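Encoded as structure tokens, the structure appears first; notes follow it.
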Amino acid sequence: MELFSTRSGDEGLAGRERALAMAAVMTSTTMAVFDGAIVNVALPPIAHALAVPAQSAVWVANGYLLSAAMTLAIFAALARRVGFRTLFAFGLSLFTLASLGCALSSSLSTLTGWRIVQGIGGAATLSIAPAILRSVFPTRLLGRILGLHALLIATSTAIAPVLGGTLLEALSWQWLFAINIPLGAIALTLTLQAIPNNSTPGRGPFDIAGAALSALMLGGFIMAANAFSRPGSPQTQLWIAAGYGGVAMAAGLLFIWRQRRAPQQLMPLELFASARFSLAALTSLASFVSQGMTFIALPFLFQSVYGYSVFTSALLFTPWPLGIMLAAPHAGRLADRYPAALISTLGLGIFTLGLTLLALLPDQAQAQAWDIGIRSLVCGLGFGFFQSPNNREMLANASRENSGYASGVLAIMRTFGQCLGGALVGVILAVLAPAGAQAAGAVRLSLWIAVLATVLALLFSLSRIRKQPD
């Protein structure tokens, strides 16, 4: 295969070592992404098995997301000091150990605690996975490998509900976590064998103040987004969200102030001096907002409006990852030959078309499965052509020594985009369908806002086409 061929002047690793490193990254990415998404379908049986209210069980999902978001920037900074292999092995070990703890948990507090630990381990691997791929693959193959990585993340996110539902039908919820143990052991073995461990000793002390402020900023935004899923009146939820949002904004401003003065920055601000990097990051954020909104809104449309079963609703998502599987590898190859911004912009155009078609689905009569499938397939094709070239654009416009930081920014944009998208749908449902009434109207509005978010991403992407590389 071309991915593992070696030419004169290639950077990174030789073919066989390259394949082993790729296998380690892909296995760990699948585990982390699946556990971030697959648990959602297991919340009802977990709540029933542990005899706790449904709203309390939500923290099994939120605890993972919160701890991962709060530590992404910290691990991106640590990677340069301790080396990719050391940090990646640490994250894998912690994630696998926490998976065992989750599988053996007999109370909600224990399970939530292990999920928080699991999120920290997942953040350690996800924050530097693209940077590792850049370090082991030559630049001529960067688009292709990032295309495969983007394909894996998007497909894992999309099919997680289907796989989760299938496992829950055959086995207990504990197996959703226990399955990670053998996979983690395999990935850890490959990591120690193949991933390089180049590190750059810090010239000064680690920026502890910056780390605390970044965690407070990212955690505050997550808590603000999740405030509307808490029980209580809309006014109370709004005040809680405003409080967390104020803390996050204050921490963000202090973080910027600290980074301008810290002897050893946690996140070098000069990374954002590249207009192409910053625009690619904003494009990624807006596109994941739209994807997050769509993935939350469509199940309500399928089940509450059309009356499809939970399992059938999960199957209706299948064309989306199928479209990504068809498009992402080709998009990666095209991005190695043509401007990545152009390819990703074309993908966003197709994605916008697909989301518009979904927003135009009827709400008075049940739509046919084939009709939903075609519209979802267009979305998958568009997102597949967008994501990997956009990721390439981000990493290519950061120096190799800053690739770990760029990888962390990429992970943060994805996490916050999906979280913000889900929170927006929660707000719309709480306002327009507080007791399940008018669900069709709330879902329709959510889908149209997702279309607008994609149009915003398209505008960001168009603006960078005319910019020359920095």
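Please read these numbers as outputs of a predicted model, since none were measured by experiment. Starting from 1, each residue takes its place in the sequence as its number.
- Taking both residues in full, the closest heavy atoms of Met217 and Gly252 are given as SD-CA, 3.4 Å, listed atom of the first, atom of the second, then distance.
- Leu92 contributes atom CG, which lies 12.5 Å from atom CG of Leu97 (distance to the nearest 0.5 angstrom).
- Across all non-hydrogen atoms, the minimal contact from Leu358 to Ser376 is CD2-OG, 4.0 Å.
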Could you walk me through whether Ser105 and Thr110 pass side-chain hydrogen bond (donor to acceptor under 3.5 Å, both in side chains), step by step? CA-CA 6 Å; Ser105 295; Thr110 304; 5.4 Å; no

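- Ser99 and Gln118 make their closest contact through OG-NE2, 2.8 Å (heavy atoms, listed as atom of the first residue, atom of the second, distance).
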Please step through side-chain contact (heavy atoms from CB on, under 4.5 Å) for the pair Leu346 and Phe385, ending with a clear verdict. CA-CA 7 Å; Leu346 291 174; Phe385 272 110; over 6 Å; no

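- Nearest heavy atoms, Ile195 versus Ala24: CD1-CB, 4.2 Å.
- Around atom CD1 of Ile374, more than 12 heavy atoms belonging to other residues, nucleotides or ligands sit under 6.0 Å away.
- Here the options are Ile128, Val25, Asn391, the test is side chain to side chain contact (heavy atoms under 4.5 Å, CB included), and the partner is Leu133; only Val25 passes.
- Here the side chains of Thr96 and Met31 are in contact, with some heavy-atom distance below 4.5 Å.
- Taken to the nearest 0.5 Å, the CG atom of Leu279 stands 12.5 Å off from the OG atom of Ser284.
- With a 4.5 Å cut-off on side-chain heavy atoms, Ser93 and Leu188 count as touching.
- A distance of 9.5 Å separates CG in Leu458 from OG in Ser344, rounded to the nearest 0.5 Å.
- By the 4.5 Å heavy-atom criterion applied to side chains, Glu393 and Phe277 are not counted as neighbours.
- When all heavy atoms are compared, the tightest approach of Thr191 to Ala89 is CG2-N, 4.1 Å.
- In this structure, the separation between CG on Leu126 and OG on Ser28 is 7.0 Å, given to the nearest 0.5 Å.
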Go through Met293 and Leu447 one step at a time and tell me if the side-chain contact (heavy atoms from CB on, under 4.5 Å) criterion holds. CA-CA 7 Å; Met293 293 191 72; Leu447 291 175; over 6 Å; no

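- For the pair Thr294/Cys379, no side-chain contact is recorded, criterion being any heavy-atom separation below 4.5 Å from C-beta on.
- Side-chain atoms of Met413 and Leu282, non-hydrogen and from C-beta on, never get closer than 4.5 Å to each other.
- Residues Ser461 and Ala341 approach most closely at OG-O, 3.9 Å, considering heavy atoms.
- Contact of the Met22 side chain with the Val136 side chain is not registered, since no non-hydrogen atoms from C-beta on lie closer than 4.5 Å.
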Derivation and outcome, ring-ring contact (aromatic ring centres under 6.0 Å, His included), residues Phe383 and Phe288: CA-CA 10 Å; Phe383 206 84; Phe288 275 105; 5.4 Å; yes

Set out, in order, the CA-CA distance, both residues' side-chain angles and the distance that settles ring-ring contact (aromatic ring centres under 6.0 Å, His included) for Phe351 and Phe386, then state yes or no. CA-CA 8 Å; Phe351 186 44; Phe386 153 72; 7.5 Å; no

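- Considering only heavy atoms from C-beta on, Asn180 comes within 4.5 Å of Phe95 through its side chain.
- Annotation: the span from Phe88 atom CZ to Thr125 atom OG1 amounts to 5.5 Å, rounded to 0.5 Å.
- Classification of the Phe75-Phe90 ring pair by plane angle, with boundaries at 30° and 60°, yields tilted.
- No side-chain donor-acceptor contact under 3.5 Å links Arg375 to the backbone of Gly354.
- In this structure, CD1 in Ile343 is found 5.0 Å from CG in Leu334, a value given to the nearest 0.5 Å.
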How far apart are the C-alpha atoms of Ile120 and Leu94, what are their side-chain angles, what is the distance that settles it, and do they pass the side-chain contact (heavy atoms from CB on, under 4.5 Å) test? CA-CA 8 Å; Ile120 296 172; Leu94 194 62; 3.8 Å; yes

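- For Ile179, the CD1 atom is loosely surrounded, since the number of other residues' heavy atoms within 6.0 Å does not exceed 12.
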Residues Leu111, Trp173; criterion side-chain contact (heavy atoms from CB on, under 4.5 Å); working and verdict: CA-CA 12 Å; Leu111 177 59; Trp173 63 265; 4.1 Å; yes

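- Considering only heavy atoms from C-beta on, Leu348 comes within 4.5 Å of Ser287 through its side chain.
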